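For this chain, numbers begin at 1 and follow the sequence in order. The shown structure was predicted, so the numbers you read here are calculated from the model rather than taken from an experiment.
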Amino acid sequence: LAIGCHNFFKANTYEQADLNKITFAFKKDNYMKMATTMFLKDLFIGLWMLLFIIPGVIKAYEYRMIPYILTDCPDIPRQEAFRISKEMMKGNKWKLFCLSFSFIGWDILAALTFGIGHLVLCPYVEAASAAFYRELKTKYSLTSKDSAFINFIGEPKFEKNITVKF
């Protein structure tokens with residue numbers, strides 16, 4: 001479901017997305033491959049967290065684009081997804097941290113409503129992350145000479161195109 005939610009918010013940066021985008025991972029033949037990649041991502045982050053939290057936080061930001069990469073390239077091997085996410089996040093971890101930190105005020109307000117405010121905040125944060133990924137994808141595809149990344153470069157063409165500047 002996590003991959004489907006990321007797919008929904010990523011598609012929503014281009015145009016109004018259907019809710020059936022959430023079931024994206026279940027419709028693909030390689031569901032187990034995507035589920036294994038996501039499990040390993042979480043396992044690796046957990047193992048890095050055992051090294052005094054800070055390395056785990058860094059790795060969490062480094063691997064943050066993996067679900068979006070899997071929505072663009074469901075057939076991509078696990079190692080490639082990790083490698084591409086690492087390359088995309090080089091020099092961008094701090095920007096994503098600042099983006100995440102910018103929601104702290106909203107997070108405190110949502111906590112004051114005993115979590116009800118998170119019903120509005122979580123989609124907003126996910127939409128911002130999807131826009132961040134879209135921007136990173138554009139920059140990465142322009143500088144990448146990676147032959148395994150060729151299928152990943154293409155952007156869908158829609159009537160409305162939203163641009164996000166960081």
Side-chain angles (χ1 to χ4, degrees), residues 1-13 21-22 24-26 28 30-108 110-111 115 118 121-155 164-166:
L1 271 177
I3 294 172
C5 288
H6 285 87
N7 187 41
F8 172 79
F9 285 108
K10 181 182 58 96
N12 225 9
T13 63
K21 296 272 187 193
I22 294 174
F24 161 80
F26 298 110
K28 291 292 179 180
N30 46 11
Y31 167 75
M32 284 306 294
K33 188 194 295 189
M34 287 192 274
T36 303
T37 302
M38 291 298 290
F39 171 76
L40 289 173
K41 175 187 89 90
D42 293 337
L43 177 68
F44 293 157
I45 290 171
L47 292 173
W48 278 101
M49 285 286 191
L50 294 175
L51 298 172
F52 303 117
I53 307 294
I54 301 296
V57 171
I58 292 170
K59 285 297 179 180
Y61 278 98
E62 192 171 281
Y63 297 153
R64 186 106 174 250
M65 297 299 129
I66 288 175
Y68 296 108
I69 293 168
L70 290 175
T71 62
D72 278 337
C73 300
D75 300 329
I76 195 167
R78 175 183 52 83
Q79 298 88 349
E80 283 295 303
F82 278 84
R83 186 184 62 73
I84 290 171
S85 181
K86 279 183 185 180
E87 286 182 25
M88 288 177 85
M89 291 306 292
K90 271 186 193 161
N92 293 305
K93 287 187 228 45
W94 180 250
K95 289 177 185 174
L96 185 57
F97 175 79
C98 290
L99 177 66
S100 300
F101 193 72
S102 71
F103 294 109
I104 192 121
W106 290 107
D107 211 17
I108 292 169
H118 281 99
L121 180 63
C122 288
Y124 186 55
V125 171
E126 285 300 321
S129 295
F132 187 83
Y133 167 74
R134 182 178 176 191
E135 187 69 22
L136 281 183
K137 179 182 169 184
T138 304
K139 289 178 185 175
Y140 184 78
S141 65
L142 293 175
T143 60
S144 178
K145 295 180 178 81
D146 189 0
S147 61
F149 198 62
I150 289 174
N151 293 332
F152 182 63
I153 293 174
E155 290 272 349
V164 177
K165 295 183 181 179
F166 293 98

note = For L43, the side-chain contact (heavy atoms from CB on, under 4.5 Å) test, sequence neighbours excluded, returns F39, L40, L47
key: Any I84 side-chain heavy atom under 4.5 Å of I76 side chain   = yes
query = Looking at CE of M38 and CD1 of I66, how far apart are the two atoms once the value is rounded to the nearest 0.5 Å?
reply = 7.5 Å
key: Check ion pair R83-E80 (N to O, under 4.0 angstrom)   = yes
query = Does the side chain of L136 reach to within under 4.5 Å of the side chain of Y68, using non-hydrogen atoms?
reply = no
Sequence neighbours excluded, every pair satisfying salt bridge (Lys or Arg N to Asp or Glu O under 4.0 Å) that has a member inside residues 46-61 = K59-E62
task = Give, for atom CG of L99 and atom CG of N92, the distance between the pair rounded to the nearest 0.5 Å.
result = 11.5 Å
ask   = Taking C-beta and beyond as the side chain, do K137 and I69 meet within less than 4.5 Å on heavy atoms?
value = no
remark   = Residues at least two apart in sequence or cross-chain that pass side-chain contact (heavy atoms from CB on, under 4.5 Å) with A110, listed by chain then number, are H118, L121
message = Going by the rule side-chain contact (heavy atoms from CB on, under 4.5 Å), which residues pair with I54 if we only count those two or more places apart in sequence or in a different chain?
response = I58
inquiry  = Tell me if the centroids of the rings in W106 and F103 come within less than 6.0 Å of each other.
reply    = no
query = Would you call F82 and Q79 a side-chain contact if the rule is heavy atoms closer than 4.5 Å?
reply = no
note = Those residues at least two apart in sequence (or on a different chain) that pass side-chain contact (heavy atoms from CB on, under 4.5 Å) with D42 are none
message = Within this structure, what is the NZ-CE distance for the pair K86 and M65, rounded to the nearest 0.5 Å?
response = 15.5 Å
note = For S85, the side-chain hydrogen bond (donor to acceptor under 3.5 Å, both in side chains) test, sequence neighbours excluded, returns none
query = Are side-chain heavy atoms of F132 and K95 found at a separation under 4.5 Å?
reply = yes
Approximate separation, where rounding is to 0.5 Å, of F44 CZ and W48 CH2 = 10.5 Å
task = Over all heavy atoms of both residues, which pair between Y133 and M88 is shortest? Give the atoms and the distance, please.
result = CE1-CE, 3.7 Å
